[in-house]
Novice: 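Can you read through this structure? Questions will come right after.
Numbered from 1 within each chain, the chains take letters A, B, ... in sequence-line order.
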Amino acid sequence: PPEEEDPPAEDPVEERLVVGGSSSVYVVAVLLAERFMEKHPHIVVETHSVGSTAGVVGAHEGTFDIGMSSRWLKGDEPGWGLGEFVICHDAIAAIVHPDNPVENLTMEEVRKIFLGEITNWNEVGGKDVPITVIIREEGSGTRGAFEDIVHEDIEPVPTLIKIGTGGVRAAVAGDPSAIGYITIAALDETVRALKVDGVAPTAAAVLAGDYGIARPFLFLTYGEPDPLERKFIDFVLGPEGQDMLADEGMVRVD
Amino acid sequence: MSYTGERLKIVVRNLNVYYGKTQALKDVSLDVQANKVTAVIGPSGCGKSTFIRTLNRMNDIIPGARVEGKITLEGQDIYGNNVSAVEVRRRVGMVFQKSNPFPKSIFENVAYGLRINGLITRESGSLRERIEKALADAALWDEVKDRLNTSAFELSIGQQQRLCIARALAIEPEVILFDEPCSALDPIATAKIEDLLRDLKSKYTIVIVTHSMQQAARVSDLTGFFLLGEMVEYGLTSEIFSRPKDKRTEDYVTGRFG
Amino acid sequence: MSYTGERLKIVVRNLNVYYGKTQALKDVSLDVQANKVTAVIGPSGCGKSTFIRTLNRMNDIIPGARVEGKITLEGQDIYGNNVSAVEVRRRVGMVFQKSNPFPKSIFENVAYGLRINGLITRESGSLRERIEKALADAALWDEVKDRLNTSAFELSIGQQQRLCIARALAIEPEVILFDEPCSALDPIATAKIEDLLRDLKSKYTIVIVTHSMQQAARVSDLTGFFLLGEMVEYGLTSEIFSRPKDKRTEDYVTGRFG
Amino acid sequence: MISAHEKIAELTRWVTSPSTHEKTARAVMWASGLTVLAILLVITGFVVIRGIGAIDLEFISAMPIAGGREGGILPMIVGTLCIIAISTIVATPVAVASGIYLTEYAGTHPLSKIVTFGAEWLAGIPSIIFGLFGFAFFVVLLEWGFSILSGGMILACMILNETIRTTQEAIKAVPGSYREASYALGATKWQTVSRVVLPSAAPGILTGVILGIGRAAGETAAIMLTAGSFMALPTSLFSSVRPMSLHVYLLAIAEIHPGAVARAFGTATLLILTVLIANLSSRAIKNYYTRGLRQER
Amino acid sequence: MIWRAVWTSHGPPSYFIKGPKGMKFMPCSYREWVIERLLIAAAMVSVVIIAFIIITIFRTGLPLIAEVGLFDFLFGMHWRPGHEIFGIFPMMIGTLLVTLLSMLISVPLGVLAATFLAEVAPDVIRNILRPVIELLAGIPSVVYGFVGVIVLVPFIRTYFGPPGFSLLAGSIVLAIMALPIIITISEDAICAVPKSYKEASFALGATHWQTIKNVILPAARSGILAGVVLGSGRAIGETMAAIMVLGNIPAIPDSVLDPIRTLTANVALEMAYAPHGPHRQALFATGIVLFVAISILVVISNRLRRGQQL
Ligand SMILES: Nc1ncnc2c1ncn2[C@@H]1O[C@H](COP(=O)(O)OP(=O)(O)OP(=O)(O)O)[C@@H](O)[C@H]1O
Ligand SMILES: Nc1ncnc2c1ncn2[C@@H]1O[C@H](COP(=O)(O)OP(=O)(O)OP(=O)(O)O)[C@@H](O)[C@H]1O
Ligand SMILES: [Mg+2]
Ligand SMILES: [Mg+2]
């Protein structure tokens, strides 16, 4: 549906939309919300970065009008009758310090590093330094997705646990021997994304099915979205929202 | 011990006071005569302060203090069931060892008692007059009349003590208790207060605690000598100092101990 | 003022003491004779404590206190450049107004001074003897000999005060200063301490501050009368009390003020 | 040989002599005192020197852009102020009343022991526990959500003890002679408390409240679980905010972007300045007040 | 002989006049009575808050402990909430280690600094140092954590080896945070030692240090211990700084350079991700353990401080 412009005079009552959940989705949601609020000055979109599980439950319990998740619903969650909107797909990049000479790892090597079977960079063609494995905290959607795809149900052997996407990025950026994982939306010059099996993590690669560590970004509503929620979701799924997501490196869904 | 021919203001009978388990006063009986100065003397810790504080129920505010016995003011039991300590204190004023003016102006210090007792609600015009009278009675008016609104702390210690006396006089009590009122004062200020005491006794009944035998001799009509919580002897001041009946009193007033 | 024929222990000349800007002692000169009891009397705040504390440099620990003038102990300037306060205090002991035993056992209280002064390092066997002797000298041995290891706080106040005296005696000072040692004591305990003072003077030189003229008259050989920071008169106790030379002394000892 | 013996003996004497101990102990104590001083100077100096440059009008008056990497921190400042305001307004009357009760009324009543211990206990509880409690009670049970109100209430609980304690101290510092004088004039207890004790204690109480504000400004863990972390100007009591302290935390754990780090330093500097101003002003009040007392003597 | 209980607060309230027909009010005392009730109510607020905290936290956390079993919960070596395995032993050890280590740093420094302040420092230094310590106490914990992350962690990583986020970093940061508490309470305790002890000791020819060592510090002992206990309380309870510099791995460390996770960090880290179910309960249960530990410390320090008031 086309975006309709409604000036403040027409609808002066302030409306509030609370959006919360995955910290990966949060990275793009803030930008979307900022643009959306510019267009609709009487609507406030609150964004909270609390993690996917909290996003799912928040949508179910009503803490959030729209919950955000960076993984598919699992367990008994699908039975809660949540409205589920895939807003884009995302690749998870394994990241290292820019000074790290290693460029490429096989999926198997990634798996072994995170399971503690490879503990030194020289085993994969790097310098002779122990690997600092940095993972996300328990409950993170990114961690959930990464573990599902890379090493299934086995416990990783981390040397550090960091909070949030930014936490992992900051820790990797500060430690030349570190490896971690974050959404490609959050990649910046402070860290470098590794190729996995020779493929760089990009939207195109995900779309083509060449890059394996990918997952959806979901918006969740309690039952059918009400008009206000609909408005925001439509904006995100609409051309402008999708353009913005693509600009951030996401895989568009339209 | 009552002295016939005199009007009794306060009658104390079989007074025992305890602080927790320690007994501070033992079976004290004493009559305070109206319009006389009664002095209470004795070595430190003998219970002088404890005694006079029972006369206006100031011991009520000391946690753990317990009073037994009977004290009547004009025949009324001040520890009686339907008597409030507040009322007793309005009728029996008190001046303390260290001058303790409030951190307020001179005027407000004297006005305080009037205000809290609701004595000035009706004709507020009289407030200034009453304060002037109280200050005049305390022989302080001339020294402070031009600076009633300055802080009481700007007065000298002796003046502060007289301010405290004025404050007590303002609510027109019947009895005024003085607990070592001069011990922090220099000789000249002391002399002023002593003169004042002699003046006041025409209107008020006065009880004074002092650690100075000389002071007791100078200002009082009757003297009670306390020792270790007991009242050893009570009688006319002249007799106590010249012909004490008790050996201990004699030892004390002649300086053999203390 | 020196009294010929007597050995001088401490000589004080032109002593001025200041607390910050206020002057507490003005130009005091006084000789303390060996093996005599010298009393210092005067109304509260006249500088008695200040004076006696200069004699063992206890004023050093009061921030802002400043001492001018000269004090010699056996001819040696105690404020001299190469004299340590610690050494002075070892030679001039002090007993305070309120008994202040350490929160230790009776034994340890007396042993403390010996230990810190390294007086017991060699023959430890003598420690007990020295403590017994000190306690005996302070007339306390019989009362505590069976409970040397109980806390000093379990003693009565009078016993505590004698313990403090024993503690001071243990390190065998030459002079002992007493700052109102009896003011917190009852008459009986006071009498005991006064007896003790008379005994001690055969071995020690004693200076005692007291607010009680009677006490000064009872125990001292010489008396100095202080007023507002000045030493008004100093002489034989008998003369000070019977034939004071100064009008102010006379007023004070006859109780005309204070 | 002999001289060596002598030297050793002399050394031993030197080592065991009280005056050597005295000197050594003195040196060690000076060193520790100065170390503490140095620690503070290093920490505050480091933060303030790097942060003060980030602070300008725009920093304190503009909205954040790109999750705080650019722009100002206006919403965080406003959020902090709102939470502090609520907690102070709620906690102060309760704390002052408790302080009055404990010092003037309770006496040796068993209740006073319970209350004193309760307040002390409250003070020892880690803020994360307050956070859990606030989350479960205010956010979920009372359905206040992540909001200024939840955050302010939990902070009120947290500063309660401190304020009770300073109130008690202020009231205890009022000379007993004032009370005696008032009672002796026939005043009732409440008259004495309200007209004599409280006015005299007011500066001390104010001092405590200001110090409490300084503390409240820096609280993070409990706030995180009760006020949320939303970077926008609050519109009602039920808006979520991101206080400055939480902002520093979020930037510090997640950002090495130069813009974000500079802003974290700037925000941390503002926090330190807040505490500094609170301390200085409470000290000034205290000094002014004790000068008044000194006059009395 | 007439007996009157005078003012004892739990005796008969003096505002009541006990007449022959029971209680009746005196008009002006009624106000006093109401005011006292109001004040009592206010005073009870802190107790009520404690009660609410206990109820809230225990209600959510206890069922999980019951389910997992107290022993398995406290001594379980693994924390895998995703698999519903809840053992907090590594976190308890982590908390204990970081507390002990930080106390090892801050107690000697703090007590010496307190002695310095109370006994040795000249007025000028004292007047600088006291406000400085107050400021040190007031600086928000995130600022300490922030400085830790920016300065200390890279320092340790560079000079002692990665990862830098470690027990050592945490201990140093927490030690600095506990310093002000230890210093102020110890200083109070030292200043509370009667001046007469000091005078007595000096008068016996003791040097200042002898007096401090033999008389003042022993007399202030329980107060100082109370300060130490409260300081460790702060170290145990500190959350944000701990998360920021400790590395957060729920495992027992092999060296001071290994990362650890504290109980507080456990709650703060995962609370956002555990909005329901056993995981949330497990975090509340962690809160219970923390609460109990802190309460014990509060009781101890309370006893100790009473101890000094002889
Ligand atoms: N609040 C109190 N609690 C316990 N004991 C007390 C209290 N006040 C006084 N006492 C004790 O009661 C006894 C009598 O004390 P009181 O103050 O009446 O003596 P005093 O004659 O006034 O002495 P002074 O001349 O030193 O003022 C003393 O032994 C004292 O220690
Ligand atoms: N530490 C101090 N700082 C400032 N002034 C002081 C100090 N100690 C005493 N003074 C003042 O010095 C003067 C003399 O005090 P001192 O204690 O020597 O008097 P005193 O004769 O011992 O009195 P009392 O009989 O009351 O003990 C007093 O005016 C007192 O206020
Ligand atoms: Mg008295
Ligand atoms: Mg004195």
Novice: Under 3.5 Å, side chain of Glu162(D) to main-chain N/O of Ile159(D), donor-acceptor pair present?
Specialist: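 Checked: no pair found.
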Novice: Does the side chain of Thr166(D) reach to within under 4.5 Å of the side chain of Thr207(D), using non-hydrogen atoms?
Specialist: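 Thr166(D) does not reach Thr207(D) side chain to side chain.
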Novice: Less than 4.5 Å to any heavy atom of chain D: does that hold for the side chain of Val48(E), its backbone, both, or neither?
Specialist: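 Neither; nothing under 4.5 Å.
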Novice: Please walk me through it: do Ile100(D) and Leu198(D) pass side chain to side chain contact (heavy atoms under 4.5 Å, CB included)?
Specialist: CA-CA 9 Å; Ile100(D) 294 174; Leu198(D) 277 187; 3.8 Å; yes
Novice: Check whether Ile133(E) gets within reach of chain D through its side chain, its backbone, both or neither, counting any heavy atom under 4.5 Å.
Specialist: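 When you check distances to chain D, only side chain atoms of Ile133(E) fall under 4.5 Å.
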Novice: Under a 4.0 Å threshold between the charged nitrogen and the carboxylate oxygen, would Glu187(E) count as salt-bridged to Arg126(E)?
Specialist: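 Between Glu187(E) and Arg126(E) there is no salt bridge, as every charged N stays at least 4.0 Å from the carboxylate O atoms.
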Novice: With Ile154(D), which of Phe133(D), Phe135(D), Phe137(D) fulfils side-chain contact (heavy atoms from CB on, under 4.5 Å)?
Specialist: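 Running side-chain contact (heavy atoms from CB on, under 4.5 Å) over Phe133(D), Phe135(D), Phe137(D) with Ile154(D) returns exactly one hit, Phe133(D).
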Novice: Are Tyr105(D) and Val193(D) packed together at the side-chain level, in the sense that at least one heavy-atom pair is separated by less than 4.5 angstrom?
Specialist: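 SC-SC contact between Tyr105(D) and Val193(D) confirmed.
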Novice: Does the pair Glu169(D)/Arg165(D) count as a salt bridge with the N-to-O cut at 4.0 Å?
Specialist: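 Answer for the salt bridge query: yes.
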Novice: Please identify which of these residues, Lys189(D), Arg179(D), Gln168(D), meets the side-chain hydrogen bond (donor to acceptor under 3.5 Å, both in side chains) condition with Glu104(D).
Specialist: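 Single side-chain hydrogen bond (donor to acceptor under 3.5 Å, both in side chains) partner of Glu104(D) among Lys189(D), Arg179(D), Gln168(D): Arg179(D).
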Novice: What part of Ile40(E) gets within 4.5 angstrom of chain D, counting heavy atoms only: side chain, backbone, both, or neither?
Specialist: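 Backbone plus side chain of Ile40(E), per the 4.5 Å heavy-atom cut-off to chain D.
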Novice: Between Ile54(E) and chain D, with a heavy-atom cut-off of 4.5 Å, which part of the residue counts as in contact: side chain, backbone, both or neither?
Specialist: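 For Ile54(E), the contact with chain D is made by the side chain alone.
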Novice: Just give me the residue among Lys213(E), Glu238(E), His208(E) that pairs up with chain D most often, heavy atom to heavy atom, under 4.5 Å.
Specialist: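 Option with the top pair count is His208(E).
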Novice: Heavy-atom distances under 4.5 Å only: say whether Thr44(D) touches chain E with side chain, backbone, both or neither.
Specialist: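 Side chain of Thr44(D) only, per the 4.5 Å heavy-atom cut-off to chain E.
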Novice: Does any heavy atom of chain E fall under 4.5 Å from the side chain of Ser245(D), the backbone, both, or neither of them?
Specialist: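 Ser245(D) touches chain E through backbone and side-chain heavy atoms alike.
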Novice: Is there side-chain contact between Tyr249(D) and Met224(D), with at least one heavy-atom pair below 4.5 Å?
Specialist: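 The answer is yes; the side chains approach within 4.5 Å.
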Novice: For Gly145(D), does its backbone N or O pair with a side-chain atom of Ser150(D) as donor and acceptor, under 3.5 Å?
Specialist: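 Looks like yes, one N/O pair under 3.5 Å.
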Novice: Identify which part of Ile53(E) has an atom lying under 4.5 Å from any heavy atom of chain D, answering side chain, backbone, both or neither.
Specialist: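 Its backbone and side chain both get close to chain D.
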Novice: Relative to chain D, which segment of Leu38(E) carries a heavy atom at a distance below 4.5 Å: side chain, backbone, both, or neither?
Specialist: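 No part of Leu38(E) comes within 4.5 Å of chain D.
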Novice: For Ile57(E), is it the side chain, the backbone, both or neither that has a heavy atom under 4.5 Å from a heavy atom of chain D?
Specialist: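 Side chain of Ile57(E) only, per the 4.5 Å heavy-atom cut-off to chain D.
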Novice: Yes or no on side chain to side chain contact (heavy atoms under 4.5 Å, CB included) for Phe146(E) and Val142(E), after CA distance, side-chain angles and deciding distance?
Specialist: CA-CA 6 Å; Phe146(E) 182 48; Val142(E) 287; 5.8 Å; no
Novice: So, does Ser240(D) use its side chain to make a donor-acceptor pair with the main chain of Ala227(D) at under 3.5 Å?
Specialist: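 Looks like yes, one N/O pair under 3.5 Å.
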Novice: Check whether Thr56(E) gets within reach of chain D through its side chain, its backbone, both or neither, counting any heavy atom under 4.5 Å.
Specialist: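 Contact with chain D is through the side chain of Thr56(E) alone.
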Novice: Under a 4.5 Å heavy-atom cut-off, does chain D meet the side chain of Leu117(E), its backbone, both or neither?
Specialist: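 Neither; nothing under 4.5 Å.
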Novice: Pick one of side chain, backbone, both or neither for Leu297(E), based on which atoms fall under 4.5 Å of a heavy atom in chain D.
Specialist: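 Neither part.
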Novice: Could you go through Leu283(E) and Asn266(E), starting from their C-alpha distance and side-chain angles, then the distance that decides it, and tell me whether this counts as side chain to side chain contact (heavy atoms under 4.5 Å, CB included)?
Specialist: CA-CA 7 Å; Leu283(E) 296 180; Asn266(E) 195 38; 4.0 Å; yes
Novice: Would you mind checking which part of Val47(D) comes under 4.5 Å of any heavy atom in chain E, side chain (CB onward), backbone (N, CA, C, O), both or neither?
Specialist: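 The side chain, not the backbone.
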Novice: Specify which of Ala221(D), Gly131(D), Gly118(D) makes the most heavy-atom pairs with chain E at under 4.5 Å.
Specialist: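 The option with the most such pairs is Ala221(D).
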Novice: In terms of heavy-atom proximity below 4.5 Å to chain E, should Leu132(D) be classed as side chain, backbone, both, or neither?
Specialist: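 Interface part for Leu132(D): both.
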Novice: What part of Leu41(D) gets closer than 4.5 Å to chain E, counting heavy atoms only: side chain, backbone, both or neither?
Specialist: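 No part of it gets close to chain E.
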Novice: May I ask you to name which of Val275(D), Ile128(D), Ile125(D) has the most heavy-atom pairs under 4.5 Å with chain E?
Specialist: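 Most heavy-atom pairs under 4.5 Å with chain E: Ile128(D).
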Novice: Any idea which of Gly214(D), Ser112(D), Gly124(D), Ala217(D) has the most non-hydrogen atom pairs under 4.5 angstrom with chain E?
Specialist: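 Option with the top pair count is Gly124(D).
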Novice: Is the Trp121(D)-Phe291(E) ring centre distance short of 6.0 angstrom?
Specialist: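 For Trp121(D) and Phe291(E), the ring centres are under 6.0 Å apart.
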Novice: State plainly whether the residues Arg26(D) and Glu22(D) are in salt-bridge range, i.e. N to O under 4.0 Å.
Specialist: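 Yes, charged N to carboxylate O under 4.0 Å.
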Novice: Determine the option with the most heavy-atom pairs under 4.5 angstrom with chain D, choosing from Val147(E), Leu109(E), Ile125(E).
Specialist: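 Heavy-atom pairs under 4.5 Å are most numerous for Leu109(E).
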Novice: Does any backbone or side-chain atom of Val132(E) lie under 4.5 Å from a heavy atom of chain D? Answer side chain, backbone, both or neither.
Specialist: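 Answer is both: backbone and side chain atoms of Val132(E) are under 4.5 Å from chain D.
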Novice: Identify which part of Leu40(D) has an atom lying under 4.5 Å from any heavy atom of chain E, answering side chain, backbone, both or neither.
Specialist: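 The answer is both parts of Leu40(D).
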Novice: Pick one of side chain, backbone, both or neither for Leu263(E), based on which atoms fall under 4.5 Å of a heavy atom in chain D.
Specialist: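 It is neither, since no heavy atom gets under 4.5 Å.
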Novice: At a 4.5 Å cut-off on heavy atoms, which part of Ala95(D) comes close to chain E: side chain, backbone, both, or neither?
Specialist: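 For Ala95(D), neither part sits under 4.5 Å from chain E.
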Novice: Which region of Ala137(E), side chain (C-beta onward) or backbone (N, CA, C, O), has a non-hydrogen atom less than 4.5 Å from a non-hydrogen atom of chain D, or is it both or neither?
Specialist: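 Both parts, backbone and side chain.
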Novice: Name the region of Glu219(D), side chain, backbone, both or neither, that has any atom closer than 4.5 Å to a heavy atom of chain E.
Specialist: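 Contact with chain E is absent: no heavy atom of Glu219(D) under 4.5 Å.
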Novice: Which atoms of Phe130(D) are under 4.5 Å from chain E, going by heavy atoms: the side chain, the backbone, both sets, or neither?
Specialist: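 The side chain, not the backbone.
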Novice: Evaluate the criterion side chain to side chain contact (heavy atoms under 4.5 Å, CB included) for residue pair Ser141(E) and Met177(E); output intermediate values, then yes/no.
Specialist: CA-CA 8 Å; Ser141(E) 52; Met177(E) 296 178 67; 3.2 Å; yes
Novice: Is there a side-chain contact between Met44(E) and Leu111(D) (heavy atoms, below 4.5 Å)?
Specialist: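 Side chain of Met44(E) against side chain of Leu111(D), heavy atoms only: contact under 4.5 Å found.
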Novice: If you tally heavy-atom pairs under 4.5 Å against chain E, which of Thr274(D), Thr220(D), Leu34(D), Leu280(D) wins?
Specialist: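 The residue among Thr274(D), Thr220(D), Leu34(D), Leu280(D) with the greatest pair count is Thr220(D).
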Novice: Check each atom of Leu179(E) against the heavy atoms of chain D and say whether the ones under 4.5 Å are side chain, backbone, both or neither.
Specialist: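 For Leu179(E), the side chain is the part near chain D, not the backbone.
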